[in-house]
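Structure first, then comments.
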Amino acid sequence: MSTVEEKLRSVTKRSSRHGPRRTGSTGSDWSSGPGNSSGARGPAPATPSTSQSAYSRPQETMGPTRRQSSRDSIDSTGQQASPEHGELLFKVMLLGDSGVGKTCLLTRFRDGRFLSGNYITTVGIDFRNKVVVVDDTSIKLQIWDTAGQERFRSVTHAYYRDAHALLLLYDVTNKTSYDNIRAWLSEIREHANEDVVIMLLGNKSDCGTERVVKREDGERLAQEYKVPFMETSAKTGLNVELAFLAVARELKARKSNDPDDTKFNVQDYVRQQSQRNSCFNTNCLTT
């Protein structure tokens with residue numbers, strides 16, 4: 001019996017020794033790390049480590065890929081957009097009392113449509129872009145639409161210095177807007193550059209029965225200040241494109257070294273084109 005008991009005790013001791021070792025290998029040995037001195041246990045912790053690195057590697061690969069595609073899109077956009085920007089860039093401001101039709105004039109020129117009905121009055125300042133072609137030269141006009149209310153004048157003044165051309169509008173059906181032109185011209189002289197191109201526009205010329213400002217009044221005022229003048233209609237489109245193209249031609253001529261361009265006179269051009277349009281409209285009405 002003593003021999004059997006000794007064998008049973010030895011088996012019990014071995015099983016008790018194997019138990020703690022298995023428990024220690026899955027618990028304290030992996031958590032403690034440095035306490036593991038067995039070389040056979042080394043590969044075991046590599047399994048979670050390998051799975052983590054395999055999971056993190058795709059993230060690192062995807063990260064730079066997304067950033068690279070973002071840079072590529074910016075670069076490609078810039079390369080594609082540069083021809084549309086035009087060879088020349090000029091800033092044009094629309095000025096005048098509230099309600100004279102500045103926004104309607106801009107919409108007619110840029111989109112070829114008329115803002116009929118009620119619309120929201122411009123608050124502060126806004127701008128739109130349009131590229132025109134003058135003698136095979138692309139010109140990008142950045143057109144700033146300004147608020148005519150007195151409380152926004154300080155905001156508008158800040159943009160005067162950057163403007164290359166100013167289109168000053170009055171409403172032919174509103175005598176007050178015409179009378180305020182002198183005040184607008186005084187502000188232009190005070191805040192704008194000396195070589196800025198100025199054009200006077202009598203808008204809403206289509207309102208025949210409601211007209212209170214004669215065409216001759218506008219011409220006389222323009223001659224007094226030595227600026228080109230024409231009447232326009234955002235509703236019918238009369239002389240709208242001509243006004244912007246005349247300004248673009250004048251600005252292009254100032255930038256050009258071509259002697260033919262430097263001879264360009266915006267007032268003569270406006271006068272000739274206005275007479276041509278007037279004759280064309282008269283023929284259309286009589287036929």
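Nothing here was measured: the structure is a model prediction, and the numbers come from that model.
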Work out which heavy atom in [X] is nearest to a heavy atom in [Y]; give both atom names and the distance.
X	Y	value
Asp162	Lys91	O-CD, 3.6 Å
Ala234	Arg108	O-NE, 2.8 Å
Ser138	Val133	OG-CG2, 4.2 Å
Val270	Ala246	CG2-CB, 3.8 Å
Ser205	Ser233	OG-CB, 3.6 Å
Phe109	Glu241	CD1-CA, 4.0 Å

For the residue pair [X] and [Y], establish whether any side-chain heavy-atom pair is separated by less than 4.5 Å.
X	Y	value
Leu89	Gln142	yes
Met230	Met199	yes
Tyr160	Glu187	yes
Ile188	Leu95	yes
Lys140	Leu88	no

How about [atom1] on [X], more than 12 heavy atoms from neighbouring residues, nucleotides or ligands closer than 6.0 Å, or not?
X	atom1	result
Arg211	CZ	yes
Arg215	CZ	yes
Lys130	NZ	yes

Measure the spacing between [atom1] of [X] and [atom2] of [Y] and express it to the nearest 0.5 Å.
X	Y	atom1	atom2	result
His191	Leu166	NE2	CG	12.0 Å
Glu231	Asp206	CD	CG	10.5 Å
Asp111	Leu106	CG	CG	7.5 Å
Tyr178	Asp217	OH	CG	4.5 Å
Leu94	Cys104	CG	SG	11.5 Å
Ile181	Leu169	CD1	CG	7.5 Å

Taking the side chain from [X] and the backbone from [Y], do they hold a donor-acceptor pair closer than 3.5 Å?
X	Y	result
Arg110	Asn129	yes
Asn265	Asp268	yes
Ser177	Asp171	yes

Can we say [X] and [Y] salt-bridge, meaning some charged N sits less than 4.0 Å from an Asp/Glu carboxylate O?
X	Y	answer
Lys102	Asp145	no
Lys252	Glu87	no
Glu250	Arg254	yes

Worked check of side-chain contact (heavy atoms from CB on, under 4.5 Å) between Phe229 and Gln223: CA-CA 8 Å; Phe229 165 79; Gln223 292 175 0; over 6 Å; no
Plane angle bin for Phe264 and Tyr269 - parallel if under 30°, tilted between 30 and 60°, otherwise perpendicular: tilted
Geometric class of the His164/Phe90 ring pair [parallel <30°, tilted 30-60°, perpendicular >60°]: perpendicular
CA sep, side-chain torsions, deciding dist, call: Leu242, Leu245, side-chain contact (heavy atoms from CB on, under 4.5 Å): CA-CA 5 Å; Leu242 172 60; Leu245 288 180; 5.5 Å; no
Just checking, any donor-acceptor pair under 3.5 angstrom between side chains of [X] and [Y]?
X	Y	result
Asp97	Trp184	yes
Asp135	Thr137	no
Thr232	Asn203	yes

Derivation of the side-chain contact (heavy atoms from CB on, under 4.5 Å) call for Leu251 and Ile139: CA-CA 10 Å; Leu251 294 173; Ile139 300 175; over 6 Å; no
Cluster link Val212 to Tyr170, ILVMFWY, side chain under 4.5 Å: yes
Audit row: Leu201, Leu168, side-chain contact (heavy atoms from CB on, under 4.5 Å) steps and yes/no: CA-CA 6 Å; Leu201 302 178; Leu168 182 55; over 6 Å; no
